[in-house]
Enquirer: 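Handing you this structure, nothing more for now.
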Amino acid sequence: MTARAGRPGNRRLLFQLVWDVGAPIALFYVLRGLGASTFVALLAGAVLPVVTAGVYWLRDRRLEGMAAFMAGVMLLGTVISLISGGTRFMLARDGWVTAAAGLCFLGSAWTRRPLAYLGARPLLEGRFRSDGTPWETLWENEATFRRIWRISTVIWGVALLADAVARVVMSYTLPVDVVPGLGGLLWPATMVLLQLVNGVYYRAAGLWRLTAGYGPGGRRTA
């Protein structure tokens, strides 16, 4: 896959991330400003990503595994909130979703292909410090390459669980109108920290030497 071919997918991924995080927060504060109750404003924001996932499904007739999982968890959280009528639970919904995602990362670490590898491959393969060797070839032939992605998946899982704990604590201890905004700020903070930690780890573990065609000893491979 060339870099040119992959750009539309990258833009869509970025747009979907911004939409799923930013739009519910903006809708919450708009509805609160119009006089809606906290629960109604939270419910509207919770439904929005599920509607977006439904639109993608109607257009493409498919949902990628992780997108389908996230949409399912958010829908379940919304249904449970409607049954319980709990505003605090609605506030903590993002924490429960993030915890579920973190557990999925941890659970995938020693499966056939860990989630960090599956997520990074469409974005980086053949574009960043690459000699053109397919990642599947590196996966089959380089034990170091496999270990790097398994450890990276664990890093993602632990970070997402820590993020989830922070969200749940905020949801049950802070004023309700403050939590959505702080939760929105926590996403970029978590993502930036994850990128920094993973970037340092990838360099130290030799990931980019492998993708550029150098073996663990630093010599160019055939």
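Nothing here was measured: the structure is a model prediction, and the numbers come from that model.
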Enquirer: Considering all heavy atoms of both residues, which atom of A99 and which atom of A164 are nearest to each other, and what is their separation?
Expert: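 Smallest interatomic distance, heavy atoms only, reads N-CB, 3.5 Å.
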Enquirer: Does the structure place the NZ or CZ of R146 under 6.0 Å from the centre of the six-membered ring of W110, at an angle of no more than 45° from the ring's axis?
Expert: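 Ring-cation test returns no.
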Enquirer: Measure the CZ-OG1 distance between F145 and T133 for me, rounded to the nearest 0.5 Å.
Expert: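 Rounded to the nearest 0.5 Å, the CZ-OG1 separation comes out at 10.0 Å.
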Enquirer: Is the side chain of D163 donor-acceptor paired with the backbone N or O of A159 at a distance under 3.5 Å, no angle test?
Expert: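 The answer is no, because no donor-acceptor pair under 3.5 Å joins these two groups.
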Enquirer: Roughly how far, to the nearest 0.5 Å, is the CH2 atom of W139 from the CD1 atom of I148?
Expert: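 Nearest 0.5 Å value for the CD1-CH2 distance: 10.5 Å.
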Enquirer: Restricting to non-hydrogen atoms, name the atom on T173 and the atom on R88 that form the minimum distance, rounded to 0.1 Å.
Expert: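 Nearest heavy atoms, T173 then R88: N-NH1, 4.1 Å.
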Enquirer: Side chains of W156 and S152, heavy atoms from C-beta outward: is any pair under 4.5 Å?
Expert: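 Side chain of W156 against side chain of S152, heavy atoms only: contact under 4.5 Å found.
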Enquirer: In a check of side chain to side chain contact (heavy atoms under 4.5 Å, CB included) between V197 and each of V200, L193, L194, which one passes?
Expert: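 The passing option is L193.
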Enquirer: If hydrophobic clusters are built by linking Ile, Leu, Val, Met, Phe, Trp and Tyr wherever their side-chain heavy atoms come under 4.5 Å apart, do V178 and M170 end up in the same one?
Expert: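 Yes; M170 is reachable from V178 via cluster members.
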Enquirer: Where do F105 and V158 land on the side-chain contact (heavy atoms from CB on, under 4.5 Å) test, with the steps shown first?
Expert: CA-CA 9 Å; F105 268 86; V158 170; over 6 Å; no
Enquirer: For the residue pair T144 and A205, what are the closest heavy atoms and their distance?
Expert: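 Nearest pair, atom of T144 first, then A205: CG2-O, 4.0 Å.
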Enquirer: How long is the gap from OG1 on T38 to CG on D177, to the nearest 0.5 Å?
Expert: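 So the gap between those two atoms works out to 5.0 Å.
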Enquirer: Out of curiosity, L118 CG to T153 OG1, how far, rounded to the nearest 0.5 Å?
Expert: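 With rounding to 0.5 Å, CG (L118) is 8.0 Å from OG1 (T153).
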Enquirer: Verify, without hydrogens or angle tests, whether R93 (side chain) and V97 (backbone) share a donor-acceptor contact under 3.5 angstrom.
Expert: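 Here the side-chain-to-backbone pair does not exist.
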Enquirer: Would you name the heavy atoms of P114 and R150 that are closest together and state the gap between them?
Expert: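 Smallest interatomic distance, heavy atoms only, reads CD-NH1, 4.1 Å.
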Enquirer: Would L182 and L174 count as a side-chain contact (heavy atoms from CB on, under 4.5 Å) here? Give the steps.
Expert: CA-CA 10 Å; L182 287 180; L174 297 180; 3.6 Å; yes
Enquirer: Which distance, rounded to the nearest 0.5 Å, do you find between the CD1 of I151 and the OH of Y201?
Expert: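 Reported to 0.5 Å precision, the distance equals 3.0 Å.
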Enquirer: Quick one: does T98's side chain have a donor or acceptor within less than 3.5 Å of a partner on L160's backbone?
Expert: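 Checked: no pair found.
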Enquirer: Under the 3.5 angstrom rule, does the side chain of S108 hit a backbone N or O of T111 as a donor-acceptor pair?
Expert: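 The answer is no, because no donor-acceptor pair under 3.5 Å joins these two groups.
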Enquirer: When clusters are formed by joining ILVMFWY residues with side-chain heavy atoms under 4.5 Å apart, either directly or through shared neighbours, do M191 and Y117 land in the same one?
Expert: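 Same hydrophobic cluster.
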Enquirer: Is it true that a side-chain atom of S171 and a backbone atom of L91 form a donor plus acceptor pair closer than 3.5 Å?
Expert: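 Yes, the answer is positive, given that a donor and an acceptor are paired below the 3.5 Å cut-off.
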Enquirer: Mind running side-chain contact (heavy atoms from CB on, under 4.5 Å) on L161 and L106 for me, showing each step along the way?
Expert: CA-CA 10 Å; L161 287 176; L106 290 177; 3.5 Å; yes
Enquirer: About how many Å separate CG of L207 and CD of E142, when rounded to the nearest 0.5 Å?
Expert: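 So the gap between those two atoms works out to 11.0 Å.
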Enquirer: Between Y172 and V179, is there a side-chain heavy-atom distance shorter than 4.5 Å?
Expert: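 They are not in side-chain contact.
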Enquirer: Heavy atoms only: give me the nearest L186-A166 pair and the separation to one decimal.
Expert: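 Of all heavy-atom pairs spanning L186 and A166, the closest is CD2-CB, 4.1 Å.
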Enquirer: For salt bridge (charged side-chain N to carboxylate O under 4.0 Å, His left out), just list the numbers for R113 and E140, CA-CA rounded to whole Å, side-chain angles, deciding distance to a tenth of an Å, and then say yes or no.
Expert: CA-CA 11 Å; R113 296 293 186 273; E140 295 296 336; 3.2 Å; yes
Enquirer: Hey, mind stepping through W149 and W135 against ring-ring contact (aromatic ring centres under 6.0 Å, His included) and telling me if it holds?
Expert: CA-CA 11 Å; W149 286 112; W135 278 23; 5.4 Å; yes
Enquirer: Looking at G181, is its backbone amide N or carbonyl O close enough to the side chain of Y29 to form a donor-acceptor pair, meaning the two atoms are under 3.5 Å apart?
Expert: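 Judged by distance alone, yes, a pair lies under 3.5 Å.
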Enquirer: Of the non-hydrogen atoms in L138 and L210, which two are nearest, and what is the gap between them?
Expert: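 Distance-wise, the nearest heavy atoms are CD2-O, 3.9 Å.
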Enquirer: R167 side chain to D94 main-chain N or O, any donor-acceptor pair under 3.5 Å?
Expert: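 No, R167 side chain to D94 backbone: no donor-acceptor pair under 3.5 Å.
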Enquirer: I'd like to know if E136 and R121 make a salt bridge, using a cut-off of under 4.0 Å between side-chain N and carboxylate O.
Expert: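 Yes, E136 and R121 are salt-bridged.
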